[in-house]
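Order of the sequence lines fixes the chain letters, A, B, ..., with proteins taken first and strands second; residue numbering starts at 1 for each chain. Since we're looking at a predicted model, the values are computed, not measured.
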Number of protein chains: 2
Amino acid sequence: MPRDASVTRNGIIAAAGKLFYRGGIRSVSVDDVAAAAGVTKRTLYYHFRSKDDLIAAYVESRDSPTVAIVLGWMDEVDGSLADKFAAVFGHLARLARKPGWRGCGFLRMAAELVATPGHPALKAAASHKKAVERAFAARIAAAGFDDAAARARQVMVLFDGAFSSMLVHRDGAYAQAAGEAAAGLFLAPRRARRR
Amino acid sequence: MPRDASVTRNGIIAAAGKLFYRGGIRSVSVDDVAAAAGVTKRTLYYHFRSKDDLIAAYVESRDSPTVAIVLGWMDEVDGSLADKFAAVFGHLARLARKPGWRGCGFLRMAAELVATPGHPALKAAASHKKAVERAFAARIAAAGFDDAAARARQVMVLFDGAFSSMLVHRDGAYAQAAGEAAAGLFLAPRRARRR
DNA sequence: GTCTATAAGCCGATAGAC
DNA sequence: GTCTATCGGCTTATAGAC
C-alpha cells in the first residue's frame, strides 16, 4: 500500500539534507540519497524531476527553521542588543566545535553552484540570507537604533565571515572575534558610520 | 623536442586555475584542464600524480600573489589605517562587480573540499588565510595599535564575510558595509574590546 | 507509487609506443 | 616527455512491470 506522498517526499528531502550538508552536493549521488532514504531511485525521480530540483527543495526546507534557530538564540537572552548578538556568535562558536559541523550550508551551496547563476537553490540561499538580515534589522530597529538596515548588513557580514573563517581554520575563535566586533556596533544608540 | 618541464607544468597549473576558479573543482574534468593547457591527459599525469595533486599545486600557486595584491591595495593609499582598510574593501567591491568574479577561490576551495579534511589544498588555503591575517596584524601593529592580533582577526572575519555575502547576493554593497565596520575599528589607537 | 533493470555518457587514471 | 587509445567504474536519468 503506497504511503502518503508527502511523507515519502519529506523523507527523501531529509535524507538528502543530511548527505548534502555532510559532503556537499556534487560528491553525493542520487543513488546515495535514495539508499539513505530507503527508497529506490525510481521513486525519487517520481517525486523530484531532477537532482537539481531535489537540491532546491532541500535548501528551501532549511530556510525557516534556520531563521528560527538564530532568532531563538537572541530571544533567550535577557539583556542589551549587544548581549543578544554576542550570544548569537557564541552559539556559532559552540556549534563549530561539534564534530559534524561543516559550516553554513547556504554559503557552501553558493560556493558549489557558482557556475550556474540561475539555479533555484542559489536563489533560495540568497533569499534565506536576506531573511536573516531583515530579521536582524527588525531587532535592531526595535532596540531603538537608527540606520537599522545598514547596521544589520554589517552584522550579516560578520555572521557570514564567522562561518567562512571557521570553516577554513576549524577554530571557534573567529566567531568570538566576530561577536566582539558585532557587540561593538551596539554599545549605545547612535548613528551608523557613514563614508 | 620536449619543452622545459617547468614551463609545461606551470602552463597546466595556469589553465587549471582559470577553469577551477570559473567553475569549481568537481565540475572541471582533467580532460578539460588538459585541453585548455594544450597538452594531452597523459602529459598532465606525467607532471601531476593525481587531480588532487594538481588542485593543491593550483592553490599554492595563488597564495603569495594574492597576499601581494591585498597589501598593494593598502600601500597605494597615503592615509590612516582606517583609510587603508577602507581601500581594501573598496577594491573588493569593485572586483565583485566585474563579470568574471566568482568570490574568493580559497574560501570556495574550503567549501568544496569540506568532506576531505586532510586534503593538501585545504591546508594550503588555511595557510594562505593565516598569511593574510598575519600581514594585517603587522600593519596594525606598525600603525601603533595594541592588540594587533585580535584586531587583525576581526578584520579577517569582515574580509571573508565580504567575499561570502557578495558571492550569495552578487552585491558589492556588502564589501562597503564591511569596509565601514573595519574602518570603525581603527578610528583612534585604543585597546581592543574584551569580553 | 514503487519496484528491477538498464541506457548513455562522463570520470579519473593507465598502457604502451616512440 | 609527449603521444594515441582505452579501461573499469560511477553518474544522472529512464523503460516497463505491477
J.: If you draw a 6.0 Å radius around CZ in Arg94(A), do more than 12 non-hydrogen atoms from other residues or ligands fall strictly inside?
T.: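 For Arg94(A), atom CZ is crowded (more than 12 foreign heavy atoms under 6.0 Å).
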J.: Within the structure, does a side-chain N or O atom of Thr8(A) lie under 4.0 Å from either OP1 or OP2 of dG1(C)?
T.: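 For dG1(C), OP1/OP2 do not have a side-chain N/O of Thr8(A) under 4.0 Å.
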J.: Nearest to the Lys41(B) side chain among dA13(C), dT2(C), dT2(D), which nucleotide is it?
T.: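 Closest nucleotide among those given: dA13(C).
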J.: Starting at CG of Asp53(B) and ending at P of dT14(C), how long is that distance when rounded to a whole Å?
T.: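 Asp53(B) atom CG is separated from dT14(C) atom P by 12 Å.
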J.: Below 4.0 angstrom from OP1 or OP2 of dG1(D), is there any side-chain N or O of Tyr46(B)?
T.: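 Tyr46(B) to dG1(D) OP1/OP2: side-chain N or O found under 4.0 Å.
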J.: Are Tyr58(B) and Tyr45(B) connected into the same hydrophobic cluster when the rule is that any two of I, L, V, M, F, W, Y join if their side-chain heavy atoms are below 4.5 Å apart?
T.: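 The answer is yes; both residues are in one hydrophobic cluster.
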J.: How many Å lie between CZ on Arg26(B) and P on dC10(C), as a whole number?
T.: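 Distance, rounded to whole Å: 17 Å.
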J.: Take atom NZ of Lys51(B) and atom C1' of dG9(D), then tell me their distance rounded to the nearest Å.
T.: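 For the pair Lys51(B) NZ and dG9(D) C1', the rounded distance is 16 Å.
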J.: Counting side-chain heavy atoms from C-beta on, which of dT11(D), dT2(C), dT14(D) comes nearest to Tyr45(A)?
T.: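 Given the options dT11(D), dT2(C), dT14(D), the side chain of Tyr45(A) is closest to dT14(D).
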J.: Using whole Å, what does the distance between atom P of nucleotide dC11(C) and atom CD1 of Ile55(B) come to?
T.: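 Checked: the CD1 to P distance equals 14 Å.
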J.: With a 4.0 Å cut-off on heavy atoms, is Val28(B) in touch with a base, just the backbone sugar-phosphate, or nothing at all?
T.: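 Sugar-phosphate: the residue Val28(B), judged by heavy atoms under 4.0 Å, touches backbone atoms but no base.
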J.: Should the ring pair Phe136(B) and Phe85(B) be called parallel, tilted or perpendicular, given that the plane angle runs from 0 to 90° and is split at 30 and 60?
T.: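 Correct class here is perpendicular.
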J.: Rounded to the nearest Å, what distance is computed from the CG atom of residue Asp31(A) to the C1' atom of nucleotide dT14(D)?
T.: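 For the pair Asp31(A) CG and dT14(D) C1', the rounded distance is 13 Å.
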J.: Any Lys/Arg nitrogen of Arg139(A) or Asp75(A) sitting under 4.0 Å from an Asp/Glu carboxylate oxygen of the other?
T.: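 Salt bridge present between Arg139(A) and Asp75(A).
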J.: Of the nucleotides dT12(D), dG12(C), dT2(D), which one has an atom closest to the side chain of Thr40(B)?
T.: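 Shortest atom-to-atom distance from the side chain points to dT2(D).
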J.: Round to the nearest Å and state the distance from Leu44(A) atom CG to dA15(D) atom P.
T.: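 That distance rounds to 17 Å.
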J.: Tell me the interatomic distance from Leu54(A), atom CG, to dA13(D), atom C1', rounded to whole angstroms.
T.: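 Result: 14 Å.
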